[in-house]
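Predicted, not measured: the structure shown is a model, and the values here were computed from it.
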Amino acid sequence: MNILLAAGFVLMNVGIYLFMSMLYKRFRLPVLLPALTATFTVVVLLLGFHISYDTYMIGGEWINRLLGPAVVALAYPLYKQRHVLWQNLPAILGGTVIGLLVGMFSGLLMAAGLGFSKLYVLSILPKSITTAVAIQISSNLGGDSSLTSVFVMIAGFTGAIGGPYIIKLFRIRSESGIGIGLGTASHALGTAKALEYGEQSVSMSSVAMTVCAIVGSIVGPLVAWVMYH
């Protein structure tokens with residue numbers, strides 16, 4: 001029975017994503033980003049049919065296991081664009097670290113300024129880092145990993161949807177600049193969006209996402225220590 005449920009949920013997710021991808025290719029509106037619309041559709045279906053999260057994860061767990069290989073696969077475009085990385089290393093690292101710090105401190109100051117509790121502040125602190133790393137940081141600092149996942153998703157969807165408008169507004173033409181901006185602001189979702197701008201954008205976005213994870217793992221605990229000690 002569990003095998004049938006797992007297969008059913010996997011096929012449901014794949015089918016919904018493929019349909020939403022077709023819809024996105026037809027209209028090309030950022031708000032129709034497949035990751036967003038597919039997620040929303042799955043949530044509506046689970047609520048409508050009263051399917052619990054644990055039941056859904058019988059199949060969802062198999063999809064979740066593909067996250068690791070998918071992230072590792074980003075190494076291929078990165079390798080192909082390695083010469084661009086080395087030629088522009090100071091600018092890439094500088095832009096990524098500054099973007100991470102702005103994203104981290106903007107959320108932190110907003111949460112603290114609005115009087116959020118320590119739990120919420122620590123949960124929102126790593127929102128600018130990819131989910132797997134952000135959850136670990138949040139848990140180690142005493143935050144709520146579930147809340148952190150929500151904040152990371154909000155940051156990811158906001159950057160992936162709003163990013164193209166900002167790129168167009170400021171007439172950014174550099175594939176490297178676009179990739180760094182999307183990867184820094186919206187991590188994995190930004191990297192998926194960067195695919196539309198070219199291989200170089202994907203490579204730089206994956207670099208930005210990796211740098212944010214490394215630097216954020218160091219800076220996050222230091223910031224939390226300064227605030228609460």
Side-chain angles (χ1 to χ4, degrees), residues 1-25 27 29-74 103 107 110-111 114 116-162 185-193 209 212-213 216-217 220 224:
M1 183 64 180
N2 282 351
I3 295 177
L4 292 176
L5 278 175
F9 284 126
V10 169
L11 290 174
M12 180 190 77
N13 278 274
V14 172
I16 291 173
Y17 186 82
L18 289 176
F19 176 78
M20 294 305 172
S21 295
M22 293 171 57
L23 191 66
Y24 179 69
K25 290 177 181 177
F27 295 101
L29 295 174
V31 73
L32 293 178
L33 192 71
L36 174 62
T37 52
T39 299
F40 178 78
T41 303
V42 170
V43 170
V44 169
L45 288 175
L46 295 182
L47 291 174
F49 288 96
H50 304 288
I51 300 172
S52 70
Y53 177 76
D54 290 336
T55 301
Y56 168 74
M57 282 306 291
I58 292 174
E61 179 185 0
W62 292 99
I63 297 176
N64 191 50
R65 289 181 180 180
L66 296 175
L67 180 61
V71 172
V72 174
L74 293 173
M110 181 182 71
L114 292 174
F116 286 6
S117 67
K118 179 180 177 181
L119 175 67
Y120 281 90
V121 173
L122 293 177
S123 298
I124 203 173
L125 179 62
K127 70 173 179 60
S128 297
I129 305 171
T130 191
T131 307
V133 179
I135 288 175
Q136 291 299 318
I137 294 174
S138 175
S139 298
N140 291 338
L141 295 178
D144 186 304
S145 58
S146 298
L147 284 174
T148 299
S149 297
V150 172
F151 291 135
V152 171
M153 288 183 65
I154 291 173
F157 283 129
T158 301
I161 293 172
S186 45
H187 23 84
L189 287 171
T191 302
K193 184 67 180 177
M209 186 172 64
C212 284
S217 300

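Note that the OG1 atom of Thr130 and the CG atom of Leu189 stand 8.5 Å from one another [nearest 0.5 Å]. Rounding to the nearest 0.5 Å gives a distance of 11.0 Å between CD1 of Ile58 and CD1 of Ile3. Taking CE of Met12 as the start and CG of Leu46 as the end, the distance is 5.5 Å to the nearest 0.5 Å. Residue Met153 holds its CE atom at 11.0 Å from OG1 of Thr158, rounded to the nearest 0.5 Å.
Between Leu33 and Tyr24, the shortest heavy-atom contact is N-CD1, 3.9 Å. Counting all heavy atoms, side chain and backbone alike, Ile51 lies closest to Phe9 at CG2-CZ, 3.9 Å. Closest approach of Gly220 to Leu125, counting heavy atoms only: O-CD2, 3.4 Å. Between Ser149 and Ile135, the shortest heavy-atom contact is OG-CD1, 3.3 Å. Heavy-atom minimum distance, Val31 versus Thr37: O-CG2, 3.9 Å. Smallest separation of non-hydrogen atoms from Ser186 and Ala155: CB-O, 3.8 Å.
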Step-by-step side-chain contact (heavy atoms from CB on, under 4.5 Å) determination, Ile16 to Leu45: CA-CA 11 Å; Ile16 291 173; Leu45 288 175; 3.6 Å; yes
Residues Tyr56, Asn13; criterion side-chain contact (heavy atoms from CB on, under 4.5 Å); working and verdict: CA-CA 11 Å; Tyr56 168 74; Asn13 278 274; 2.8 Å; yes
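Shown here are the side chain to side chain contact (heavy atoms under 4.5 Å, CB included) partners of Ala111, two or more places apart in sequence or in another chain: Phe116, Val121, Ile124.
One N or O on the side chain of Thr148 and one on the backbone of Ser123 form a donor-acceptor pair closer than 3.5 Å. Between the Ser139 side chain and the Ser145 main chain, no donor and acceptor come within less than 3.5 Å of each other.
Taking a 6.0 Å sphere around CE of Met57, one finds it holds more than 12 heavy atoms contributed by other residues, nucleotides or ligands.
Residue His187 forms a side chain to side chain contact (heavy atoms under 4.5 Å, CB included) with just one option from Ile129, Val133, Val152, and that option is Val152.
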